[in-house]
Amino acid sequence: DVQLQASGGGLVQPGDSLRLSCAASGFTFHDYAIGWIRQAPGKEREGVSCISDKGYSYTAESMKGRFTIFRDNAKNTVDLQILTLKPEDTAVYYCVAGLVCSVLTNPSAMDYWGQGTQVTVSS
């Protein structure tokens with residue numbers, strides 16, 4: 001079975017940093033793009049970042065500079081580093097996989113979705 005296990009979320013203070021991790025199994029990891037999508041309470045899903053099978057990364061314009069995506073094909077993991085967290089970053093962050101990095105253009109088109117990890121930024 002395909003599994004995308006997101007971890008690393010939690011309650012943090014504004015200005016803190018966080019590193020989310022996605023552990024994947026059940027599919028040929030190195031053939032897939034892996035990305036992150038977030039959904040805040042009462043808001044639409046929002047594409048955050050994606051890294052292609054070849055290692056090209058794409059990040060939402062409003063998040064560039066604070067969000068960085070990393071891929072480790074040896075461990076089947078993709079991490080999302082988030083710097084200088086803001087209250088508006090509060091959301092459930094989902095790890096997703098697809099043959100194409102459509103996270104920023106059409107998030108619903110990604111093939112596989114994980115359960116998500118909650119990030120809460122509050123003082």
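Keep in mind the model is a prediction, meaning the values are calculated, not measured. In what follows, residues are counted from 1 in the order of the sequence shown.
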For atom CD of Gln115, is the number of surrounding heavy atoms from other residues, nucleotides or ligands below 6.0 Å larger than 12?
no
Given side chains that start at C-beta, do those of Met63 and Glu46 come closer than 4.5 Å, heavy atoms only? yes
Side-chain contact, heavy-atom cut-off 4.5 Å: Pro87 with Pro14? yes
Hydrophobic clustering (ILVMFWY, side-chain heavy atoms < 4.5 Å, transitive) - are [Y] and [X] grouped together?
X	Y	result
Phe29	Leu99	yes
Ile37	Val121	no
Val96	Phe67	no
Ile82	Val103	no
Leu4	Met110	no

Test your reading of the model: is there a side-chain donor-acceptor pair from [X] to the backbone of [Y], 3.5 Å cut-off?
X	Y	result
Ser52	Gly55	yes
Arg66	Leu83	yes
Thr117	Ala6	no

Between Ser122 and Gln13, does a side chain to side chain contact (heavy atoms under 4.5 Å, CB included) hold up when you go through it step by step?
-> CA-CA 5 Å; Ser122 175; Gln13 294 190 340; over 6 Å; no
Could you measure the distance from the [atom1] atom of [X] to the [atom2] atom of [Y]? Nearest 0.5 Å is fine.
X	Y	atom1	atom2	value
Thr84	Lys86	OG1	NZ	8.0 Å
Phe70	Ser49	CZ	OG	10.0 Å
Leu85	Leu18	CG	CG	6.0 Å
Ile34	Leu80	CD1	CG	13.0 Å
Cys22	Gln3	SG	CD	11.0 Å
Ile69	Tyr58	CD1	OH	11.5 Å

- Message: Set out, in order, the CA-CA distance, both residues' side-chain angles and the distance that settles side chain to side chain contact (heavy atoms under 4.5 Å, CB included) for Val2 and Phe27, then state yes or no.
- Response: CA-CA 6 Å; Val2 171; Phe27 62 97; 3.7 Å; yes
Tightest non-hydrogen contact, residues Lys43 and Gln39, listed as O-NE2, 3.1 Å
The side-chain contact (heavy atoms from CB on, under 4.5 Å) partner of Trp36 among Ile51, Asp79, Thr59, Leu20 is Leu20
Tell me whether Arg45 forms a cation-pi arrangement with Tyr94, defined as NZ or CZ under 6.0 Å from the six-membered ring centre and within 45 degrees of its axis. no
**OP:** Salt-bridge test for Arg38 and Asp89: reply yes if a basic N is under 4.0 Å from a carboxylate O, no otherwise.
**Re:** yes
request  = Check the side chains of Asp72 and Thr77 for a donor-acceptor pair under 3.5 angstrom, ignoring hydrogens and angles.
outcome  = no
